[in-house]
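Here's the structure, in structure tokens; my notes come after.
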Amino acid sequence: MIRKLLVANRGEIAVRIIRACREMGIETVAVYSEADREALHAKLADEAVCIGPASLSDSYLSMERIISATIVTGAQAIHPGFGFLSENAKFASLCEKCNIIFIGPKAEIIERLGNKQLARETMQKAGVPVIPGSDRAVFDYRDGLHEAEKIGYPIMIKAALGGGGKGMRLSGSKEDFEKNFRIAQAEAKQCFGDDAMYLEHYIKGPRHVEFQILADSYGNVVHLGERDCSIQRKHQKLIEEAPCCALSPKQRMKMGQTAVRAAKAAGYINAGTIEFLLEPSGAFYFMEMNTRIQVEHPITEWITGIDLIKEQIRIAAGEKLTFSQNDIRISGHAIEMRINAEKPEEEFRPCPGTITGLHLPGGKGIRIDSAIYSGYRVPPFYDSMIAKISVWAKTREEAIRKARSALGEVIIEGVDTNVDYQYGILEEPDYQNGNVDINYIENHF
Ligand code: MV4
């Protein structure tokens with residue numbers, strides 16, 4: 001088993017990982033930037049190493065500094081959390097070369113799935129439904145125009161190395177295709193240093209439904225049900241819930257089996273997420289696979305009782321899964337609300353500053369994932385998410401009531417937050433009735 005692990009992240013996810021390690025008897029090393037001297041993750045870990053100034057490229061994104069900290073402290077493994085280096089194939093490969101266990105899939109698998117066009121091809125070969133689109137990468141708008149004619153408009157133009165909406169553009173007809181292709185491709189070149197594009201038919205008004213999977217090194221792959229992440233704004237998720245209220249048990253089984261097939265086709269090991277677009281008709285399509293632990297993992301933990309971080313560590317240490325698909329029971333309903341330090345009334349501008357007063361909710365079925373404390377200064381350099389409040393109850397209706405009750409208790413003084421905005425969503429009839437799709441926020445607020 002792993003004796004000592006370095007956490008290559010900050011904020012609530014770093015704290016989450018440190019807690020899991022402590023419970024497992026694994027020593028922890030935190031890394032922190034100069035802006036994070038007073039950060040909770042640096043205080044909670046057994047050891048903490050300052051790896052550089054506030055700027056990301058000189059600290060949390062510096063492979064050399066993080067590998068050095070690992071070697072100097074004698075840690076045997078690195079957990080990358082999410083964001084930062086978590087889906088960086090070069091970093092995973094560097095870990096492998098340095099004999100450090102990277103808590104995640106093999107570098108080669110991260111690389112293959114990071115290329116969304118290659119992932120599409122892999123899935124299509126394995127019989128996983130993909131969105132009707134191009135069969136290989138498109139580099140020239142003229143080839144694109146020809147492909148688009150076959151696929152049918154509207155067309156979504158996407159960067160092969162994209163994700164999260166970067167290098168993505170909608171084309172409504174052949175008249176505006178060239179312009180949109182050029183814009184998307186220029187953005188792809190700029191953001192990813194790669195101009196490979198692919199095309200898909202545009203799916204109108206779907207839900208975003210993602211399946212959590214776990215795969216060990218012995219060929220065992222299970223799914224832990226799904227999360228509905230449709231409630232998002234500009235590709236930032238706001239509220240996630242599990243299970244998805246639009247799925248029947250039969251449909252859940254079908255999509256779950258498809259997710260397992262997708263993971264097997266990719267040769268996947270560790271925790272991963274298969275993203276689908278789900279149409280109102282029940283048709284669903286593979287969109288991409290995420291090779292990291294996700295922000296919203298707590299709601300899957302709520303409905304399955306499985307600790308995903310501990311499973312990630314055990315899998316990386318070469319252990320077998322101790323349960324099979326039949327042992328996994330989806331129970332009740334969970335909702336996660338992301339709390340950000342921001343000003344909703346000023347276009348959600350981040351609002352860093354000192355937390356001068358703090359009360360967070362608690363009680364049965366309420367979980368807080370956070371790294372803030374009274375007196376903590378939220379630095380301006382990093383993500384504005386300061387807490388995740390998640391709740392569990394037997395039914396969706398009860399979970400929504402609990403979520404509203406929990407939010408109603410929150411007191412965060414010193415920085416503005418989106419708590420009232422979140423409360424507004426939970427009060428809204430279409431949300432309460434489960435009438436949501438990926439355009440919900442645009443259409444309602
Ligand atoms: C799409 C789509 C509709 N049709 N692809 C957004 C981010 C990237 N991961 C893929 N995205 C989308 N791809 C086709 N063919 C709509 C989106 C999309 C979206 C997807 C999931 C959650 C929120 C979204 C918000 C806007 C657009």
Side-chain angles (χ1 to χ4, degrees), residues 87 112-125 128-211 228-237 246 255 258-259 262 273-290 436-443:
E87 295 184 282
R112 176 139 26 99
L113 291 169
N115 184 318
K116 317 298 178 197
Q117 171 56 28
L118 274 181
R120 250 178 82 78
E121 289 174 35
T122 304
M123 296 309 160
Q124 195 161 22
K125 272 189 209 127
V128 173
V130 300
I131 303 168
S134 54
D135 293 333
R136 60 189 80 77
V138 178
F139 294 91
D140 187 289
Y141 84 88
R142 281 160 296 204
D143 298 337
L145 257 177
H146 186 71
E147 286 290 313
E149 219 48 57
K150 291 192 279 183
I151 298 163
Y153 288 89
I155 292 280
M156 202 65 136
I157 305 163
K158 297 183 176 182
L161 298 192
K166 278 231 183 76
M168 190 174 88
R169 208 84 188 183
L170 180 62
S171 164
S173 68
K174 63 173 186 261
E175 282 70 37
D176 70 19
F177 184 87
E178 179 183 347
K179 182 182 122 222
N180 284 302
F181 188 92
R182 284 183 189 282
I183 294 170
Q185 195 173 35
E187 203 173 305
K189 189 99 209 203
Q190 166 97 51
C191 297
F192 316 114
D194 183 279
D195 63 355
M197 310 299 290
Y198 65 107
L199 308 180
E200 284 176 351
H201 182 70
Y202 175 68
I203 308 292
K204 201 169 152 284
R207 299 169 94 106
H208 172 135
V209 177
E210 56 182 35
F211 273 74
D228 187 326
C229 305
S230 300
I231 306 290
Q232 52 82 43
R233 184 185 166 276
K234 299 198 169 168
H235 304 298
Q236 293 292 336
K237 292 169 187 167
M255 289 180 77
T258 305
T273 301
I274 322 285
E275 293 187 353
F276 293 109
L277 289 182
L278 172 68
E279 289 189 315
S281 68
F284 63 91
Y285 308 97
F286 170 85
M287 195 161 51
E288 36 194 88
M289 181 166 185
N290 300 323
V436 303
D437 65 28
I438 61 170
N439 305 119
Y440 173 85
I441 293 292
E442 267 178 86
N443 292 342

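Side-chain contact of Asp437 with Ser230: a donor-acceptor pair under 3.5 Å is absent, judged by distance alone.
Between Glu288 and Gly163, the shortest heavy-atom distance links the atoms OE2-CA, 3.9 Å. Between Leu277 and Pro206, the closest heavy-atom pair is CD2-CG, 3.9 Å. Listed here is the closest heavy atom pair of Ser171 and Asp176: OG-OD1, 2.7 Å. The shortest heavy-atom contact between Tyr141 and Phe177 is O-CE2, 3.6 Å. Closest heavy-atom contact between Phe284 and Leu278: CB-CD1, 4.1 Å. Across all non-hydrogen atoms, the minimal contact from Gln117 to Arg136 is NE2-CA, 3.0 Å.
A distance of 4.5 Å separates CG of Asp228 from CZ of Arg207, quoted to the nearest 0.5 Å. Note: Thr122 OG1 to Leu113 CG = 7.0 Å, rounded to the nearest 0.5 Å. Rounded to the nearest 0.5 angstrom, Met123 CE and Met289 CE are separated by 6.5 Å. Here the straight-line distance linking atom NZ of Lys116 with atom CE of Met197 works out to 13.5 Å at 0.5 Å rounding. Between the CD atom of Glu121 and the CG atom of Asn115 there is a distance of 8.0 Å, given to the nearest 0.5 Å. In this structure, NE2 in His235 is found 10.0 Å from NZ in Lys166, a value given to the nearest 0.5 Å.
Under a cut-off of 6.0 angstrom, the local environment of NZ in Lys237 is crowded, with over 12 non-hydrogen atoms contributed by other residues, nucleotides or ligands.
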>> Arg120 vs Ile131, test: side-chain contact (heavy atoms from CB on, under 4.5 Å). Steps then yes/no.
In response: CA-CA 9 Å; Arg120 250 178 82 78; Ile131 303 168; 4.2 Å; yes

> Can you list the steps and then say if Met287 with Lys158 is a side-chain contact (heavy atoms from CB on, under 4.5 Å)?
Replying inline: CA-CA 11 Å; Met287 195 161 51; Lys158 297 183 176 182; 4.0 Å; yes

>> Could you go through Val130 and Glu200, starting from their C-alpha distance and side-chain angles, then the distance that decides it, and tell me whether this counts as side-chain contact (heavy atoms from CB on, under 4.5 Å)?
In response: CA-CA 9 Å; Val130 300; Glu200 284 176 351; over 6 Å; no

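Using a 4.5 Å heavy-atom cutoff, the side chains of Tyr285 and Glu279 are in contact.
Counting only residues at least two apart or on different chains, the salt bridge (Lys or Arg N to Asp or Glu O under 4.0 Å) pairs with a member in residues 180-199 are Glu178-Arg182.
With Gln185 contributing its side chain and Asn180 its backbone, the two residues share no donor-acceptor pair below 3.5 Å. Of the possible polar contacts, one joining the Ser134 side chain to the Leu199 backbone as a donor-acceptor pair under 3.5 Å is found.
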Considering only distance and modelled atom types, tabulate donor-acceptor pairs under 3.5 Å from the side chains of residues 145-152, sequence neighbours left out.
residue	atom	partner	partner atom	Å
Glu147	OE2	Lys150	NZ	3.3

